[in-house]
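Take a look at the structure set out below.
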Amino acid sequence: MIGQDLSMSKIRVRFAPSPTGFLHIGGVRTALFNWLFARHSGGTFILRIEDTDKDRSTDEAIQVIMDGMKWTGLDWDEGPIRQTDRLEVYREKAMDLFHRGLAYWCVCTPEELEARRKEAQARGESIKYDGRCRNRALSEPTEPAALRFIAPQDGQTVIHDLIKGEIIFENNVLDDLIILRSNGYATYNFSVVVDDGLMNISHVIRGDDHVNNTPRQVPLFRALGFPVPKFAHLPMILGSDKARLSKRHGATSVLAYQEMGYLPEALVNYLVRLGWSHGDQEIFSIKEMVEHFDFKHVQSSAAVFNPEKLKWVNAQYLRKTEPREVAKALTPFLQKAGYDDAAIARIPGGVEALIPPLRERSETLVDFVDGAAPFLVESMTMDEAAATKHLTVAMAPTLKEFADLIEADSDFSKETLERILHGLIERQGLKMGKIAQPLRVALTGRTVSPGIYEVMALLGKDRTLQRVRASIERALAQA
RNA sequence: GGUCCCAUCGUCUAGGCUGGUCUAGGACGGCACCCUCUCAAGGUGCAGACACGGGUUCAAAUCCCGUUGGGAUCACCA
């Protein structure tokens with residue numbers, strides 16, 4: 001017992017999703033703040049799966065949650081612990097409460113309760129349980145019965161929330177909570193308390209929507225003999241219509257963001273700034289987040305999820321991450337788009353060479369795929385309107401001279417190309433734009449691309465020549 | 001309806017606890033200009049907010065009360 005205080009003071013937090021669907025953005029943010037706090041304080045981060053609703057929970061969903069956390073880099077130290085493996089524990093604790101006279105059997109049927117709630121509501125009264133089974137003292141009910149916890153009715157329950165400050169609830173609004181259903185399974189509010197208590201959770205960090213559960217859980221902690229953990233209730237994440245983030249707002253699963261071409265570090269960075277701040281800083285490395293994270297700077301009001309800013313953050317990461325790393329993340333996207341190894345091999349320098357010229361113009365990995373298209377194929381698709389405008393008969397001799405000059409030169413470096421192009425411009429008295437744009441269309445089939453020298457480098461000498469020659473023919477045919 | 005939470009530019013936020021340095025700062029987005037071989041990126045600049053009303057005080061974005069508005073929650077779901 002002497003060691004207990006020491007073990008109790010250790011910081012232990014948990015993320016406790018219910019596996020009824022995918023891991024959504026709000027869940028990731030909750031997990032992130034738990035993880036950050038644990039890492040910041042050298043504590044332990046536990047993953048607990050709240051799957052007591054057997055009808056709605058699936059193994060597949062558990063896997064998806066873990067995949068999502070792995071992708072975002074939120075590693076856990078203990079777990080996953082499944083509540084369905086612990087049903088006996090809850091039952092035992094519930095019966096313990098009953099034997100100590102802190103809980104009682106209730107034989108009111110769900111239908112009766114529902115009817116009474118409606119009546120009460122119609123009369124404008126409180127819809128809480130009227131307590132009619134409280135004094136029956138049923139020791140062994142013969143009909144189906146649920147076990148209710150005797151909630152304190154005097155005084156107040158005060159919660160010192162790390163984010164919202166002191167929250168006071170009058171105990172007379174507290175309901176006699178059902179802790180064991182008539183089918184013998186524990187309810188959410190009970191199993192959570194048993195688990196948090198048994199797992200020595202020091203800080204319960206969860207969504208705002210649980211604030212009203214807290215005064216119901218605190219007396220349970222006390223009745224069970226557990227120290228009451230500290231609480232931190234995170235503000236909600238809203239959609240652009242200020243309603244809770246949902247499927248209507250587009251992607252809500254984290255893995256959907258992976259598919260849309262976001263880097264996990266970027267998503268995490270965006271999410272950490274949604275409700276938390278460190279002065280004016282916008283971009284944080286994981287190390288910095290861990291170092292600076294605190295509840296003092298967690299916002300107490302809800303935040304609207306802004307996809308535009310997420311894109312901007314992602315673009316920042318695309319630019320600061322090593323090309324080799326970006327290339328690694330990009331490759332699966334290229335493959336999914338149908339570009340095989342042979343297509344990639346066409347680019348001198350491979351996927352990695354694609355990164356520097358394209359990343360200034362890409363906000364997501366998906367943007368790269370489109371931008372890279374002209375360089376991955378043998379003969380590209382020509383934008384007809386662009387060809388008509390830029391690949392004119394008048395332009396043909398200039399293009400031909402350029403082609404002849406680069407063909408004659410054994411070197412294909414940027415410096416050489418620059419010298420050739422500038423010489424051509426001077427001799428013909430042209431402006432750079434006059435020649436660069438037709439060249440761009442000839443080489444990429446588009447009016448928008450990286451700089452002309454970068455384009456030629458990504459194409460290589462052979463394809464450059466071949467495409468310029470092809471467009472000369474095309475230009476002459478326009479006559 | 002009861003209970004609880006929240007309220008600074010369109011959005012994310014700094015500042016608020018410890019009132020004066022805030023004619024309210026930064027970021028995304030918008031607009032303009034610069035740079036420029038296209039598009040971007042980058043640079044510079046502009047527009048843009050303390051919800052409202054009362055107090056307290058020499059002084060309030062900051063403290064107190066109220067109003068309004070938003071949200072959460074009231075299950076034998078989690």
Side-chain angles (χ1 to χ4, degrees), chain A residues 16-20 50-53 55-57 83 106 108-110 113-114 117 120-128 144-148 159 161 164-165 167-170 173-175 177-183 185-189 191-192 207-216 233 235-236 238 240 242-244 270 273-283 296-297 299-313 315 319 358-363 371 386 390 421 425 431-441 444 446-453 455:
Chain A
S18 55
T20 54
E50 316 235 308
D51 56 351
T52 54
D53 184 355
D55 296 337
R56 295 199 296 152
S57 303
Q83 289 194 318
C106 173
C108 300
T109 66
L113 293 169
E114 179 62 26
R117 262 195 301 272
Q121 193 159 27
R123 287 195 301 266
E125 292 169 14
S126 164
I127 55 175
K128 78 175 193 177
L147 199 59
R148 280 187 192 269
I159 295 149
D161 192 278
K164 295 178 189 295
I167 307 172
I168 302 169
F169 294 88
E170 296 295 330
V173 305
L174 261 33
D175 223 336
L177 217 72
I178 289 180
I179 57 177
L180 220 52
R181 293 189 269 254
S182 52
N183 64 10
Y185 291 108
T187 56
Y188 165 79
N189 272 118
S191 53
V192 164
D208 223 344
D209 47 339
H210 285 289
V211 172
N212 289 299
N213 277 329
T214 311
R216 322 168 96 196
H233 286 98
M236 302 269 90
L238 273 26
S240 53
K242 306 238 178 180
R244 204 172 173 154
Y270 173 72
R273 283 286 291 104
L274 209 53
W276 176 79
S277 61
H278 181 67
D280 286 339
Q281 192 170 344
E282 296 285 350
I283 303 297
K296 193 182 168 196
H297 291 93
Q299 193 82 357
S300 48
S301 52
V304 174
F305 184 83
N306 184 348
E308 288 301 317
K309 187 152 183 180
L310 204 212
K311 274 191 181 178
W312 176 79
V313 174
R319 273 163 224 146
L358 287 176
R359 65 166 155 199
E360 302 295 317
R361 350 180 116 68
S362 302
E363 288 184 310
H390 295 284
L421 202 52
I425 287 169
K431 281 196 173 171
M432 184 62 168
K434 242 354 193 200
I435 172 109
Q437 201 57 358
L439 215 40
R440 170 170 288 108
V441 174
T444 66
R446 310 171 172 196
T447 52
V448 171
S449 82
I452 206 69
Y453 303 112
V455 165

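Throughout, protein chains are lettered first and strands after them, A, B, ... in sequence-line order, and every chain is numbered starting at 1. The structure displayed is predicted, hence computed values, not measured ones.
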## Note on the structure
Once base and sugar-phosphate atoms are separated, protein heavy atoms under 4.0 Å mark nucleotides 2-11 of chain B, 5' to 3', with B, S and - as -BSSSS---B
### Query
Across all strands, who's sitting opposite rG20(B) as a Watson-Crick or G-U wobble pair, both distances under 3.5 Å?
rC58(B)
### Query
Could you state the interatomic distance from CD1 (I425(A)) to CD1 (I435(A)), rounded to the nearest 0.5 Å?
6.5 Å
### Separation of the P atoms in rA61(B) and rG53(B), to the nearest angstrom
12 Å
### Task
Give none if rG69(B) has no partner; otherwise give the nucleotide forming a Watson-Crick or G-U wobble pair with it, both distances under 3.5 Å.
rC6(B)
### Task
Any chance you could measure E50(A), atom CD, to S57(A), atom OG, to the nearest 0.5 Å?
10.0 Å
### Task
Check for a donor-acceptor pair, side chain of R273(A) on one end and backbone N or O of Q281(A) on the other, with a separation under 3.5 Å.
yes
### Message
Could you check whether any side-chain N or O of T444(A) sits under 3.5 Å from a backbone N or O of V441(A), counting only pairs where one atom can act as donor and the other as acceptor?
### Response
no
Return the polar atom pairs (N/O with N/O) between nucleotides 18-25 of chain B and the protein under 3.5 Å, or none.
{"from": "rG25(B)", "atom 1": "N2", "to": "D280(A)", "atom 2": "OD1", "distance (Å)": "2.9"}

#### Entry: Any-strand Watson-Crick or G-U partner of rA14(B), both distances under 3.5 Å
none
With 3.5 Å as the limit, what N/O pairs link the protein to nucleotides 74-76 of chain B?
{"from": "rA75(B)", "atom 1": "OP2", "to": "R117(A)", "atom 2": "NE", "distance (Å)": "3.4"}
{"from": "rC76(B)", "atom 1": "O2", "to": "S182(A)", "atom 2": "N", "distance (Å)": "2.8"}
{"from": "rC76(B)", "atom 1": "O2", "to": "S182(A)", "atom 2": "OG", "distance (Å)": "2.9"}
{"from": "rC76(B)", "atom 1": "N3", "to": "S182(A)", "atom 2": "OG", "distance (Å)": "2.9"}
{"from": "rC76(B)", "atom 1": "N4", "to": "C108(A)", "atom 2": "O", "distance (Å)": "2.8"}

### Nearest-Å distance once atom C1' is located in both rG70(B) and rG55(B)
25 Å
### Task
Could you go through the side-chain contact (heavy atoms from CB on, under 4.5 Å) check for L177(A) and T187(A) one step at a time?
CA-CA 9 Å; L177(A) 217 72; T187(A) 56; 5.6 Å; no
### Task
Find which nucleotide of RNA chain B each of L238(A) and T52(A) is nearest to by heavy atoms, and output the residue with the more 5' nucleotide.
L238(A)
### Query
For atom P, what is the distance between rA47(B) and rA32(B), given to the nearest Å?
15 Å
### Span that lies between the C1' atom of rU8(B) and that of rG48(B), in whole angstrom
12 Å
### Message
Using whole Å, what does the distance between atom P of nucleotide rU73(B) and atom CG of L174(A) come to?
### Response
18 Å
#### Entry: Residue matched to rG1(B) through Watson-Crick or wobble contacts both under 3.5 angstrom
rC74(B)
#### Entry: K164(A) NZ: over 12 foreign heavy atoms closer than 6.0 Å
yes
### Message
Within the supplied structure, the quantity of interest is the number of heavy atoms (other residues, nucleotides, ligands) at a distance under 6.0 Å from F169(A) CZ; does it exceed 12?
### Response
yes
### Query
Who passes side-chain contact (heavy atoms from CB on, under 4.5 Å) against A145(A), sequence neighbours left out?
W105(A), V107(A), P141(A)
### Summary
Each nucleotide of nucleotides 30-48 of chain B classed B (base within 4.0 Å of a protein heavy atom), S (only sugar-phosphate) or -, in 5' to 3' order, makes -------BBBBSS------
#### Entry: Partners passing side chain to side chain donor-acceptor pair (under 3.5 Å) against E363(A) (at least two apart in sequence or in another chain)
none
### Task
Verify side-chain contact (heavy atoms from CB on, under 4.5 Å) between L421(A) and I452(A), making sure each step is shown before the conclusion.
CA-CA 10 Å; L421(A) 202 52; I452(A) 206 69; 4.3 Å; yes
#### Entry: Nearest-0.5 Å distance, NE2 of residue H233(A) to NE2 of residue H210(A)
7.5 Å
### Task
Run the numbers on E360(A) and R319(A) for side-chain contact (heavy atoms from CB on, under 4.5 Å), then give the verdict.
CA-CA 7 Å; E360(A) 302 295 317; R319(A) 273 163 224 146; 3.9 Å; yes
### Summary
When rounded to whole Å, the CD1 to C1' distance for the pair I179(A) and rA78(B) reads 17 Å
### Message
For the CG atom of D209(A) and the CE atom of M236(A), what is their distance to the nearest 0.5 Å?
### Response
4.0 Å
### Task
Scan every strand shown for a Watson-Crick or G-U wobble partner of rC31(B), both distances under 3.5 Å, and answer none if you come up empty.
rG45(B)
### Task
Write down the distance separating the P atoms in rC28(B) and rG45(B), rounded off to the nearest Å.
14 Å
#### Entry: Residue-phosphate contact under 4.0 Å: T20(A) side-chain N/O, rA78(B) OP1/OP2
no
### Task
Using the C1' atom as the reference point in each nucleotide, state the distance between rA49(B) and rU3(B) in Å, no decimals.
32 Å
### Task
In whole angstrom, give me the gap between the P atoms of rA51(B) and rC76(B).
40 Å
### Task
Give one of base, sugar-phosphate or nothing for E282(A), where a contact means two heavy atoms less than 4.0 Å apart.
base
### Query
Does atom NZ of K128(A) have more than 12 heavy-atom neighbours from other groups under 6.0 Å away?
yes
#### Entry: Test side-chain contact (heavy atoms from CB on, under 4.5 Å) applied to L274(A) and F305(A), step by step
CA-CA 8 Å; L274(A) 209 53; F305(A) 184 83; 4.0 Å; yes
#### Entry: d(CZ, R273(A); P, rC12(B)) in whole Å
11 Å
### Task
Write down the distance separating the P atoms in rG15(B) and rA75(B), rounded off to the nearest Å.
39 Å
### Task
Give H233(A) one of three labels, base, sugar-phosphate or nothing, depending on what nucleic acid heavy atoms sit under 4.0 Å from its own.
nothing
